[in-house]
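Input: a single structure, listed below in structure tokens.
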Amino acid sequence: MTRAVAPTAPVRGRVTSADGTVVAYERRGEGPPLVLVGGALSPRRGEWRLAGLLAERFTTYTYDRRGPGGGAAGCGPEREVDDLAALVAEAGPGAGVHGLPSGGALVLAAAAGVLPVARLSVYEPPYGEDDDAHDGVPSELLARVRQRVLVLDGGASPRWPRGAARAVARALPHARHGTLTGQPMWWPRTPWPRSWRRSTRGERG
């Protein structure tokens, strides 16, 4: 049975994105900085539980993405990359970034551009399995990602997100694929394994 974990009390703050938009965030815990990027329709409270679990080992940052999830207006891919860059700058040198579902797609798009971060991980980015098909894996974009990336899926997820995760890992120049045993589609329910924590810190496992 999964033990309930009370969220660590957050410190609230704000950063200013490149277009002047103010983006609210919450910081928890102590340790290496880690920015959590949730789904497009999820406000930062959607990542509270994961942030609380990881706060024992990391300083976690959660924030409101633009649009219906509770973030700023003026939603668009370029503006969202700017917002993430502002959060990474606020988190400081050595910050890692982890994206869940569409947050993973945003993280990978940012990394293919100019996002100054060395350690990346994504959980079930919502692509199809077919390379370059409609909503499929964007292989040309992923080929531009130079960082090491840990691509995760859940062992209890349906076949298609697991297949998509493996396809993403194949398309990235420097990627490792892993499966979290017993975890469901798009949202892991338990603390993540030591191998994931090592990878997010940039350690070799």
Side-chain angles (χ1 to χ4, degrees), residues 7-8 10-29 33-55 58-93 95-128 134-138 140-142 144-145 147 149-152 161 164-165 168 172 185-188 200:
T8 305
V11 175
R12 294 178 173 85
R14 295 174 182 270
V15 295
T16 303
S17 192
D19 67 351
T21 298
V22 175
V23 180
Y25 72 86
E26 294 185 352
R27 186 181 76 241
R28 292 174 172 80
L34 178 63
V35 179
L36 301 178
V37 185
L41 301 181
S42 172
R44 63 183 180 270
R45 64 176 175 270
E47 282 69 58
W48 280 353
R49 185 170 185 274
L50 180 58
L53 290 168
L54 295 174
F58 297 94
T59 299
T60 63
Y61 291 78
T62 57
Y63 72 103
D64 285 339
R65 290 180 59 183
R66 301 194 187 209
C75 183
E78 296 84 3
R79 301 287 74 78
E80 288 223 78
V81 169
D82 289 343
D83 295 349
L84 178 55
L87 261 293
V88 169
E90 177 73 11
V97 179
H98 176 69
L100 298 98
S102 67
L106 172 60
V107 166
L108 293 171
V114 296
L115 184 69
V117 62
R119 294 180 302 282
L120 303 172
S121 60
V122 295
Y123 186 82
E124 296 185 353
Y127 302 122
H134 177 66
D135 290 331
V137 173
E140 290 187 6
L141 180 143
L142 297 182
R144 300 199 301 269
V145 177
Q147 298 95 328
V149 184
L150 177 61
V151 183
L152 296 167
V168 168
L172 289 162
M185 181 178 176
W186 291 349
W187 192 254
T200 307

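These numbers come from a predicted model, not from an experiment.
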- Here the pair of heavy atoms bringing P125 nearest to A164 is O-CB, 4.4 Å
- Taking every non-hydrogen atom, the tightest pair across G136 and Y127: O-CD2, 3.6 Å
- Taking only Lys NZ, Arg NE, NH1 and NH2, and the carboxylate oxygens of Asp or Glu, determine whether R66 and D83 approach each other closer than 4.0 Å. yes
- One should read off an interatomic distance between L152 CG and Y123 OH, to the nearest 0.5 angstrom, of 8.0 Å
- Message: Assess, by modelled atom type and distance only, whether the side chains of S17 and D82 contain a donor and an acceptor separated by less than 3.5 Å.
- Response: no
- With side chains defined as the heavy atoms from C-beta onward, is the minimum distance between L34 and L54 less than 4.5 Å? yes
- Item | Partner residues of Q147 under the side-chain hydrogen bond (donor to acceptor under 3.5 Å, both in side chains) criterion, sequence neighbours left out | none
- Cut-off 3.5 Å, side chains only: do T62 and R27 have a donor facing an acceptor? no
- Give the intermediate values and the outcome of side-chain contact (heavy atoms from CB on, under 4.5 Å) for residues L87 and V15. CA-CA 7 Å; L87 261 293; V15 295; 3.4 Å; yes
- Query: Hey, are the side chains of Y63 and L84 touching, using non-hydrogen atoms and a 4.5 Å cut-off?
  - Reply: yes
- Taking the side chain as every heavy atom from C-beta outward, state whether V37 and L100 have any pair of such atoms under 4.5 Å apart. no
- Message: Quick one, R79 and D19 - any side-chain contact, counting heavy atoms below 4.5 Å?
- Response: yes
- Smallest separation among heavy atoms of T16 and A86, with atom names: O-CB, 3.9 Å
- Query: Looking only at heavy atoms, what is the nearest atom pair of A95 and V117, with distance?
  - Reply: O-CG2, 2.7 Å
- Item | A112: side-chain contact (heavy atoms from CB on, under 4.5 Å) partners, not counting sequence neighbours | L141, R144, V145
- Within-4.5 Å side-chain heavy-atom neighbours: L115 and V88: yes
- Would you call L172 and V151 a side-chain contact if the rule is heavy atoms closer than 4.5 Å? yes
- Note on the structure: Contacts of T59 meeting side-chain hydrogen bond (donor to acceptor under 3.5 Å, both in side chains) (sequence neighbours excluded), chain-then-number -> none
- Item | side-chain hydrogen bond (donor to acceptor under 3.5 Å, both in side chains) contacts in which one or both residues fall within residues 84-93, not counting sequence neighbours | Y25-E90
- Task: Provide the closest heavy-atom pair for G52 versus R28 in the form atom of the first, atom of the second, distance.
- Result: N-CD, 4.4 Å
- Item | Validation row: V97, L36 side chains within 4.5 angstrom (heavy atoms) | no
- Note on the structure: Smallest heavy-atom separation, G92 atom then P33 atom, equals O-CG, 4.4 Å
